[in-house]
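First listed ligand is number 1; within each ligand, the first listed atom is number 1.
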Amino acid sequence: MRILVTNDDGIFAQGLWRLVKELNNIARVVVVAPDREQSAIGTAVTLHQPLRVQKVRPMVPEVDTYSVVGTPSDSVILALEKLVKNRVDLVVSGINEGLNLGEDVLISGTVGAALQGYLRGLPALAISVDAVNSLHLDNAAKLATLLAKKIDSNTLPTNIFLNVNLPDLPLPKIKGAKITRLASKSHTDTVEEGHDGKRKYYWLVRQQVNKATDEATDTWAIEQGNISITPLHTDLLGKPSPPLPDGLCSELLRELKQ
Ligand code: MN
């Protein structure tokens, strides 16, 4: 199995390398990621300037690693169309430090990168944790690896695009795993105003909405201390995504805690 790994936190992010280290145990991993942080860049692609790529020394030995002066989506497109000569079986984006829930998937660079894999017919995972400098990145890395194995063994459909989020909890404190749908409201946007001495400026400030009430949503699952797995799709007319097998969540949780 060959896995393309990318992110939106930049090529030096610890979440990316924790993920690579774990996936490297079960697959050939290639890393193609932005040279700097690109969080909230969404699905942006660079069409009006050239893209520069540099092969760089990996933080996990013998993993082909390319740094891109471009967006997460640029990185995946470049990887799949040009840089990786062999067939890629899965695209994994993350581990993002910070949740990507609800309508936030539309501005998330992490999810945007995974989307480019899915649009090219590959299974794609976006994986995020509920913290910056999370102490529990290993849970997410292990979960991504379990999902990759299930995709490789055809236990999961291959035309899937999953948005996975984990609470920032040690493994024994994680309550469960839930298949969810996106919450309609995960954030409020406010605009703060200031003055830099010369001119007025504005800061966009996003705040997470607390206390979800709908138990089917990703925000509810996370607030209750669960792992949230949301199948996404790109049919804006609402065609449902392929069903996931019964018992997947309990199986994943059991395997994660082994
Ligand atoms: Mn990010």
- Given a cut-off of 2.8 Å, the protein N, O or S atoms lying below it from the Mn ion (ligand 1) are D8 OD1, D9 OD1, S39 OG, N96 OD1
Enumerate donor-acceptor pairs with a distance under 3.5 Å from any side-chain N or O in residues 145-153 to protein atoms, sequence neighbours excluded.
from, atom 1, to, atom 2, distance (Å)
T145, OG1, A141, O, 2.7
K150, NZ, E251, OE2, 2.5
K150, NZ, E255, OE1, 3.2
K150, NZ, E255, OE2, 3.3
S153, OG, K149, O, 3.1
S153, OG, K150, O, 3.4
S153, OG, T155, OG1, 2.7

- Task: Decide, yes or no, whether a salt bridge links R2 with D89 under the criterion of side-chain N to carboxylate O below 4.0 Å.
- Result: no
- Task: For the residue pair T110 and N7, confirm or rule out a side-chain donor-acceptor distance under 3.5 Å.
- Result: no
- Item | Exercise: identify the closest heavy-atom pair between T219 and A212 | OG1-CB, 3.4 Å
- Query: Is D35 reaching over with its side chain to a backbone N or O of I11, donor-acceptor style, under 3.5 angstrom?
  - Reply: no
- Message: Quick one about T230 and T180 (side-chain donor to acceptor, distance below 3.5 Å, no hydrogens or angles considered), yes or no?
- Response: yes
